[in-house]
Amino acid sequence: MPDNNNDLQNRPYIEMKGIVKDFGHIRALDYVYFWINPQEIVGLVGDNGAGKSTLIKILSGVLQTTAGKIYIDGKEVRFESSKDAMEYGIETIYQDMNLIDMMSIMRNIFCGREETSRGGFLKIKDMRQKAMDVLLKGITIEGIRTPKQIVRTLSGGQRQAVALARAVYFKKKLLLLDEPTSALSVKETKKVLDYIKQLKSEGASCVFVTHNLHHAYMVADRFVILSHGKKCLI
Amino acid sequence: MHVKNSNTLKESSPFIRVGILTWLRMHKAGNIILVFGTLQVVAIIFSLIFPENFRYVSKSNMQVLFRAIPPLGIIALGVNLLMISGEFDLSVGSNFTLTALIMAKLFNNDVSLFAAFFAALLLGAFIGGFNGYIVVKSRVPSFIITLGTMWFWRGMILVVSKAASESFLPGGFFEKLFTISIGPMQVQFLWLIAIVMFTWVLLERHKLGNHFFAVGGNKQAAGALGINPNRVKIIAFIITGVFTAFAGIISTTRVHSISPIQGEGLELQAIAACVIGGTALMGGHGTVLGAFLGAALLYTIQDFLLLLRAPGFYLRMFVGIVIVVAAILNQILRKE
């Protein structure tokens, strides 16, 4: 176990040590050691129920560990909620993509992080412009015409684009992608993968959870395989 | 390249050439605007053709409408916010009466008028906040919790009032503030319009409004995006409580007394107004204009039937039909 990593130069961006997570008497994660280097894409693979999603949820603050510690840049952190994780620049894109169907693209991108004037009033024009810019700059997936469009009317790929656009706009250091390509067409998948590579070149790290080894192989720098809550391969 | 892209985006935007029909179709409350507008036009034409038999456009009739709509309208605006956040409040009818009753009791026992007024608003906020607190802590559906608090506060009304009506004769400036009429217009209706505007700004132009939609639309997602759903829901409950108390105050100031059975059934009328206005029962969708027009529509239809001298028992049947038809129409439109 590379437990005492004293080399400051090569210190991982995030380290998770001895992570245990129990759901009742079921042990979902069993002393997992996991780390992510700066500007690295890690492919997290494993069978259904292997604990991939649990690990991601712990890292994004949605779930709390039963035991184990998380370090960011060598400092121990505790995530009580997703808000805490977000403050450290960790953005998660879930399978269900965390979009609110009945709201517009713009309102989704800024949801919970609205730009407001004093008194909490929304700067609608500013946000709309920024949403437009970020949609144009990122993966321009056809069919998105205006940030006013309601998310429910979008296709799987378009929704993924919106979720990614949100992460890009807020310049996240670490992107957690839970099955980002499972609902996408071949063409859309390629765009998403290109996009992940682009994010890496801009300085972000990424954990990419997938069933599809082929997709992961195209972008990942390193693989971690989980099986029954245990890490079985680097 | 970039500039060219944004140009094509603008050109293909549906907001460039806007006809009235497209605008209605795009508008979230287009459905109710269309129905309400059509009804008004038809009613006005009829009353001009048959001024003796259908006195819709008469000063007295307009006064009746402008007086009748505000209490339900104001409550519906609060309930609308709450329904958008994914919760119900069945205790608004009891809140409406209890707060007004406490105000009247305090005033009749030599408490100053404005102190009694603020005490009523504060009690409304407490009733709302209390509902919200129990709902988010217990995670029992608000429908059940507020069904309980509805009866609890209704019982409290009987205890406080000893089952007798309480008179309320404030007089002076206070009474003028809530009852004065300017031609056919009633000041109560202006209060309603002010609250419509306030609620619209809150819902559509304020951070909190965005959170109401987010929490009602997808609670998990809202939580994962750093919004505290419990806090947002409690705020929505408190706003509903305050609006309801205010509606009770306006209504009691006009009729000069409050009876213990007043306000029964208001909770369901308020939900009906919202549903007619296109607010989703499951949360996440609704408009201020819709709830306002929904409340106005309920009274307008009753008014039509009264003007046509339809026997009273048809009123409820007709209102029932309107609610069902409106809900079905909204369902169809939302699926499109």
Side-chain angles (χ1 to χ4, degrees), chain A residues 57 60-63 81-87 91-94 96-104 106-117 119-125 127-129 132-133 135-137 140 142-153 163 166 170 176 178, chain B residues 1-16 26-28 83-86 198 200-232 235 278-280 282-287 334-336:
Chain A
K57 280 183 176 149
S60 64
V62 174
L63 292 175
S81 71
S82 51
K83 201 166 190 168
D84 294 349
M86 274 156 67
E87 274 167 21
E91 179 86 9
T92 318
I93 297 172
Y94 293 100
D96 47 23
M97 282 178 286
N98 262 10
L99 297 176
I100 294 142
D101 277 4
M102 296 304 286
M103 284 166 66
S104 70
M106 180 273 276
R107 279 176 188 262
N108 261 290
I109 288 177
F110 288 96
C111 187
R113 286 169 289 198
E114 295 85 355
E115 294 194 354
T116 57
S117 56
F121 296 99
L122 300 172
K123 292 182 178 166
I124 299 257
K125 269 189 189 159
M127 289 196 286
R128 203 169 274 157
Q129 189 57 48
M132 181 85 102
D133 290 348
L135 286 173
L136 284 171
K137 243 188 354 188
T140 37
E142 294 109 63
I144 298 183
R145 289 174 301 183
T146 147
K148 287 180 183 175
Q149 212 169 328
I150 302 296
V151 163
R152 203 184 55 158
T153 63
R166 183 160 62 191
F170 290 100
L176 306 173
D178 196 354
Chain B
M1 183 63 196
H2 190 156
V3 176
K4 199 181 150 212
N5 259 346
S6 68
N7 276 342
T8 48
L9 262 168
K10 265 189 189 150
E11 270 160 27
S12 59
S13 152
F15 294 91
I16 297 305
M26 296 302 298
H27 195 283
K28 283 193 284 178
M83 281 172 71
I84 288 171
S85 334
F198 169 80
W200 185 84
V201 170
L202 182 68
L203 199 58
E204 303 289 340
R205 289 292 177 268
H206 196 273
K207 193 167 83 171
L208 197 54
N210 217 27
H211 294 181
F212 287 146
F213 281 114
V215 168
N218 187 341
K219 193 179 157 193
Q220 257 109 25
L225 289 170
I227 297 171
N228 179 347
N230 291 352
R231 185 176 153 267
V232 171
I235 292 173
T279 304
M282 292 302 150
H285 182 69
T287 61
R334 223 172 293 139
K335 278 207 179 118
E336 256 180 22

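Sequence lines set the chain letters: A, B, ... in the order given, protein chains first and strands last, and positions in each chain run from 1. Because only heavy atoms are used, hydrogens play no part in the values below, and waters and symmetry mates are left out as well, while side chains stay in. Everything numeric here is computed off the predicted structure, so don't read it as measured data.
Residue A:Thr116 touches chain B through its side chain alone, counting heavy-atom pairs closer than 4.5 Å.
More than 12 heavy atoms of other residues, nucleotides or ligands sit less than 6.0 Å from atom CD of A:Glu115.
Taking chain A as the reference chain and counting heavy-atom pairs below 4.5 Å, the highest number among B:Glu204, B:Lys207, B:His285 is found for B:Lys207. Among B:Ile227, B:Asn210, B:Leu202, the residue with the largest count of heavy-atom pairs under 4.5 Å with chain A is B:Asn210. Interface check for chain B: of the options A:Arg107, A:Lys123, A:Met86, A:Met102, the most heavy-atom pairs under 4.5 Å are formed by A:Arg107.
When all heavy atoms of B:Phe213 and A:Ile100 are compared, the closest pair comes out as O-CG2, 4.2 Å.
The CG atom of A:Asn108 sits 8.0 Å away from the CG atom of B:Leu225 when rounded to the nearest 0.5 Å.
A donor-acceptor pair under 3.5 Å links the side-chain atoms of B:His206 to the main chain of A:Gly119, judged by distance alone.
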